[in-house]
Amino acid sequence: MPYERKVIDIGAIQAQQDICSQIFDKVTADGRRPLAMVDTYGCQQNEADSEKLRGYLAMMGYGFTQDEFQADVIVVNTCAVREHAEMRVLGNVGALNHSKKARPGQIIAVCGCMVQQEHMAQKLKQSYPVVDLVFGPHELWRFPELLLQVMTKHKRVFATEKNDGVVAEGIPNKRDSGVKAWLSIMYGCNNFCSYCVVPYVRGRERSRRPEDVVAEAKELVAAGYKEITLLGQNVNSYGRDLGLDVDFSDLIRMINDIPGDFLIRFMTSHPKDATEKLFKTMAECEKCAHQLHLPVQAGNDRILKVMNRGYTSEKYLAQVALARKYMPDLVLTTDIIVGFPNESEEEFEDTIKLVEQVRYDAMFTFIYSKRVGTPAAAMPDPYTREDKQRHFDRLTEVANRISGEKHKEYEGKTLRVLVDGETGRDEYNLSSRTNGGRLVHLKGDKALIGRFVDVKITASNTWALYGEVVK
Ligand code: 5AD
Ligand code: SF4
């Protein structure tokens with residue numbers, strides 16, 4: 001069925017902001033500053049969503065805490081990509097019984113991808129009476145209204161109906177960092193990789209209008225942000241649903257044209273949709289980082305086909321070669337799933353071969369996790385958890401060795417990095433990132449945070465580089 005792009009009217013968001021004022025009057029009436037805790041699981045998109053939840057909560061008058069025993073409102077923003085994250089959420093939500101007992105009146109909300117699955121919403125309804133409010137990703141824009149319902153009606157509220165998704169502009173945003181910002185450019189996914197739950201919980205692909213994205217990027221630059229990461233499940237298909245003749249490469253150029261000293265990063269790129277135009281644009285736009293997260297998922301063509309990825313290992317390797325032709329200094333990272341149903345020893349070996357060939361700067365490796373309702377969940381699988389763990393360990397070993405070797409090549413070089421925060425340690429007290437996104441630990445004055453500096457790399461290991469600021 002064709003998807004009709006559903007845009008939330010700006011007046012509707014204004015109405016939500018009015019509800020924030022109503023809640024403000026209610027919760028600050030006794031002169032005390034109420035506190036909220038927002039706990040986030042999963043990907044950067046969820047981090048970005050949590051910044052919106054905090055934006056609304058700040059408007060309602062809440063300050064923020066990490067201590068559940070201090071919080072008047074707790075929002076748990078969940079992930080559904082793997083079972084492990086869901087188990088952690090359920091364990092932690094269950095444990096909130098203690099804080100709620102200690103603080104009667106505490107409101108507990110659970111939102112995000114996990115609860116957009118029918119069986120999970122049911123589970124919370126039946127087995128977690130501590131939870132007052134449950135809402136899926138498509139209802140985030142009306143969080144104030146849902147929270148007010150809980151406050152005034154004193155009953156549990158569930159908002160997780162099936163939905164293809166919406167686009168909402170004008171939700172306030174309270175960002176975590178003053179240096180690095182997430183900027184969602186699109187939502188949802190149309191790819192239906194056979195193992196993945198995302199298209200079911202985040203709905204169809206829908207892009208924000210380029211003028212809205214550019215306006216937000218301009219605000220970020222004006223506010224002093226030095227790094228903007230454009231977010232989408234598949235940024236390479238940006239704009240397809242808009243019919244405006246603006247694709248992702250065009251969008252990068254528009255943001256690159258904003259005056260100021262800042263870096264543009266983006267994720268995630270689907271290999272089937274990455275184009276030569278994108279690599280050329282990245283190479284030509286001086287603010288665009290030479291960094292590409294290009295999840296390959298597997299190195300074997302039969303597995304790629306059953307995963308419904310839309311490319312072969314040969315096509316993937318050709319893309320990597322093309323990207324590196326345009327950007328010889330490209331930092332390349334990937335995601336890989338080990339133990340997809342019926343993945344044989346030989347098929348797994350193809351993944352090792354591909355990894356040895358590409359030599360990623362860093363890899364995110366996962367053991368396949370069965371997701372309710374996905375095609376892969378119905379595929380037979382004779383392999384045991386031990387087989388999968390063995391493959392996983394082997395792949396991790398190869399990935400770590402290559403990362404270590406790649407990091408070693410930086411030693412002795414001088415690079416421009418963006419200092420983004422403190423590490424909390426004495427010897428190397430600052431953290432920073434290279435243009436390609438590699439982590440560099442430094443020693444230096446806190447005043448360097450938010451600045452680009454030149455550093456000489458003096459040491460390295462698998463996970464990070466270490467350097468000295470060049471005066
Ligand atoms: N099991 C394991 N890993 C998964 N991913 C997505 N779905 C699953 C699953 N069912 C991984 C993919 C994706 C990353 C975000 O999570 O590698 O790129
Ligand atoms: Fe999931 Fe595939 Fe969409 Fe990524 S592209 S979110 S792996 S369905």
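Every number for a ligand or one of its atoms is a count from 1 in the order of the listing. The structure presented is a predicted model; accordingly, all values stated were derived computationally and were not measured. This chain uses plain numbering: 1 for the first residue, then up along the sequence.
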Exercise for review: Determine whether the side chain, the backbone, both or neither of Pro199 has a heavy atom under 4.0 Å from any heavy atom of ligand 2.
Suggested key: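 Contact part for Pro199 vs ligand 2: side chain (C-beta onward).
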Going by the atom numbers of ligand 1, which of them fall below 4.0 Å from some non-hydrogen atom of [X]?
X	result
Ile367	2 (C)
Gln297	12 (C), 13 (C), 17 (O), 18 (O)
Arg371	10 (N)

Review point. Do the ring centers of Tyr428 and Tyr466 come within less than 6.0 Å of each other?
Key: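 Tyr428 vs Tyr466: aromatic centres under 6.0 Å.
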**Study point:** Ring center gap for Phe158 and Phe135 short of 6.0 angstrom
**Key:** no
Give the atom numbers and elements of ligand 2 that come within less than 4.0 Å of a heavy atom of [X].
X	result
His270	5 (S)
Gln233	6 (S)
Cys196	1 (Fe), 6 (S), 7 (S), 8 (S)
Val198	6 (S)

Please state which protein non-hydrogen atom is closest to [atom] and give its distance, to 0.1 Å?
atom	value
atom 5 (S) of ligand 2	Asn191 ND2, 3.4 Å
atom 7 (S) of ligand 2	Tyr195 OH, 3.3 Å
atom 7 (N) of ligand 1	Tyr195 CD1, 3.3 Å
atom 6 (C) of ligand 1	Val81 CG1, 3.4 Å
atom 14 (C) of ligand 1	Asp335 OD2, 3.5 Å
atom 2 (Fe) of ligand 2	Cys193 SG, 2.3 Å
atom 11 (C) of ligand 1	Arg82 NH1, 3.2 Å

Aromatic ring pairing [X]/[Y], orientation class (parallel under 30°, perpendicular over 60°, tilted between):
X	Y	answer
Tyr56	Phe143	tilted
His391	Phe348	parallel
His293	Phe364	perpendicular

Exercise for review: Answer yes or no: does an N/O atom from Ser369 fall short of 3.5 Å to an N/O atom of ligand 1?
Suggested key: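 Such a contact does occur with ligand 1.
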**Study point:** Within-cut-off N or O pair, Tyr368 and ligand 1, under 3.5 Å
**Key:** no
Review point. How does Ile337 reach ligand 1, if at all, at less than 4.0 Å between non-hydrogen atoms: by side chain, backbone, both, or neither?
Key: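 Answer for Ile337: side chain.
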Check your understanding: Is there a heavy atom of Arg309 sitting under 4.0 angstrom from any atom of ligand 2?
Key -> yes
Point to revise | Asp350 vs Lys353 side-chain heavy atoms within contact, under 4.5 Å | key: yes
Point to revise | Contact check, side chains of Phe266 and Thr229, non-hydrogen atoms, under 4.5 Å | key: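 The answer is no, as the side chains (C-beta and beyond) never meet within the 4.5 Å cut-off.
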Practice item. Inspect the contact between Arg209 and Asp212 and indicate whether a charged nitrogen and a carboxylate oxygen are less than 4.0 angstrom apart. Key: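 Judged by the 4.0 Å cut-off on N to carboxylate O distance, Asp212 and Arg209 do form a salt bridge.
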Look only at the side chain of [X] and the backbone of [Y], and say whether a donor-acceptor pair between them is shorter than 3.5 Å.
X	Y	result
Tyr238	Arg208	yes
Thr351	Gly299	yes
Glu205	Met186	no

Practice item. Measure from atom 3 (Fe) of ligand 2 to each N, O or S atom of Cys189 and report whether any distance is below 2.8 Å. Key: yes
Practice item. Take Phe452 and Lys226 through the test side-chain contact (heavy atoms from CB on, under 4.5 Å) and record every step on the way to the result. Key: CA-CA 9 Å; Phe452 289 101; Lys226 295 287 183 255; 3.8 Å; yes
